[in-house]
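What follows is one structure encoded as structure tokens, with my remarks underneath.
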Amino acid sequence: IFVGDVRSLGLLKAYHASVQVYKADPETSVEELGRRIRQAEANDKEMVLNARLFAELGRRFEKLGRVETSLKPGAYDNELSRFRYDVLISVGDKVEVAPPERWVQWDKEGRWPQEVERWPAAGRANRLARRGLERS
């Protein structure tokens, strides 16, 4: 089962902040910017989901096997790649996944993708995971 283009609940505030900062004039005060972000978040009518929901579904339903969530793929840097994810749910036997060999910490400066790209180039296995992205 593929569930694509899911808006991230954990990143909802960051999404609205990025939109409002982009729209703001240089003279916009921090207080006004904060008000606009809160208002945009309150007025948001589209569905947003925490990625942990899908992992929990995999644990609770016997017929669901592996559940994988992944950041939207692509070489572009926009709202679709920054604040959305895809989910792949397998139907069948539960599969035990080996723990990652290395964790990559998400950072707001955006250095984490380079660390991810270096990992396979260094001849490492593909068991790499990121952390810190879904904090709300």
Side-chain angles (χ1 to χ4, degrees):
I1 303 168
F2 177 76
V3 183
D5 203 30
V6 181
R7 293 182 69 216
S8 174
L9 176 61
L11 295 174
L12 185 62
K13 187 177 292 271
Y15 164 69
H16 285 295
S18 74
V19 170
Q20 294 306 317
V21 167
Y22 178 78
K23 290 180 175 181
D25 295 325
E27 301 83 33
T28 304
S29 70
V30 172
E31 292 78 16
E32 174 61 18
L33 190 56
R35 187 194 66 72
R36 291 178 188 178
I37 293 167
R38 288 187 300 279
Q39 173 122 21
E41 196 173 2
N43 291 335
D44 194 325
K45 302 291 187 240
E46 290 185 39
M47 182 171 60
V48 292
L49 297 172
N50 190 316
R52 288 178 274 187
L53 167 72
F54 296 100
E56 189 60 30
L57 289 174
R59 279 190 286 279
R60 288 186 184 210
F61 290 95
E62 185 177 308
K63 293 185 179 186
L64 297 183
R66 185 173 178 179
V67 176
E68 299 175 65
T69 57
S70 59
L71 299 174
K72 292 289 295 179
Y76 46 85
D77 182 26
N78 61 25
E79 185 264 338
L80 292 176
S81 64
R82 283 188 244 156
F83 305 106
R84 296 175 185 243
Y85 60 93
D86 293 332
V87 183
L88 185 61
I89 303 170
S90 300
V91 176
D93 295 333
K94 303 280 182 199
V95 177
E96 194 70 29
V97 177
E101 293 177 19
R102 176 144 167 40
W103 284 94
V104 173
Q105 181 68 36
W106 178 84
D107 62 287
K108 64 183 175 184
E109 293 81 23
R111 293 184 301 261
W112 68 270
Q114 292 81 19
E115 193 169 343
V116 170
E117 289 172 7
R118 283 194 299 267
W119 185 252
R124 304 286 205 277
N126 289 330
R127 292 193 336 250
L128 178 71
R130 60 99 180 125
R131 67 169 52 134
L133 186 60
E134 290 293 331
R135 290 186 186 156
S136 42

Quiz item: Going through the distances and angles, do I1 and V91 end up as a side chain to side chain contact (heavy atoms under 4.5 Å, CB included)?
Solution: CA-CA 8 Å; I1 303 168; V91 176; 4.1 Å; yes
Quiz item: With no hydrogens and no angle check, is any side-chain donor or acceptor of K94 less than 3.5 Å from a backbone partner on L64?
Solution: yes
Practice problem: Kindly say whether G4 contributes a backbone atom to a donor-acceptor pair with the side chain of K72 at under 3.5 angstrom? | Solution: no
Quiz prompt | F83: ring pair (Phe, Tyr, Trp, His ring centres under 6.0 Å) partners, not counting sequence neighbours | solution = Y15
Quiz prompt | Residues clustered with V21, ILVMFWY side-chain links under 4.5 angstrom | solution = L33, I37
Quiz item: Any link between V6 and L88 through a network of hydrophobic side chains (Ile, Leu, Val, Met, Phe, Trp, Tyr) touching at under 4.5 Å?
Solution: no
Self-check item: Same apolar cluster (I L V M F W Y, side chains within < 4.5 Å links), M47/I89
Solution: yes
Quiz prompt | With R59 via side chain to side chain contact (heavy atoms under 4.5 Å, CB included) - residues at least two apart | solution = A55, E56
Self-check item: Pairing residues for V30 by the side chain to side chain contact (heavy atoms under 4.5 Å, CB included) criterion, not counting sequence neighbours
Solution: none
Self-check item: Results of salt bridge (Lys or Arg N to Asp or Glu O under 4.0 Å) for R38 - residues two or more places apart only
Solution: none
Self-check item: Other residues, nucleotides, ligands: >12 heavy atoms within 6.0 Å of D93 CG
Solution: no
Quiz prompt | Neighbour count >12 (heavy atoms, 6.0 Å) for atom CZ, F2 | solution = yes
Quiz item: How far apart are the C-alpha atoms of Y85 and L49, what are their side-chain angles, what is the distance that settles it, and do they pass the side chain to side chain contact (heavy atoms under 4.5 Å, CB included) test?
Solution: CA-CA 10 Å; Y85 60 93; L49 297 172; 3.7 Å; yes
Quiz item: According to the salt bridge (Lys or Arg N to Asp or Glu O under 4.0 Å) rule, which pairs have a member within residues 12-30, sequence neighbours left out?
Solution: K13-E41
Self-check item: Atom pair CZ/OG of R84 and S8 - distance to nearest 0.5 Å
Solution: 10.5 Å
Quiz prompt | Listed once per pair and sorted, the side-chain hydrogen bond (donor to acceptor under 3.5 Å, both in side chains) pairs that draw on residues 28-37, sequence neighbours left out | solution = E32-R35, E32-R36, R35-Q39
Quiz item: How about V87 and V67: do any of their side-chain heavy atoms sit closer than 4.5 Å?
Solution: yes
Self-check item: Non-neighbouring partners of D44 that pass side chain to side chain donor-acceptor pair (under 3.5 Å), sequence neighbours left out
Solution: R7, H16
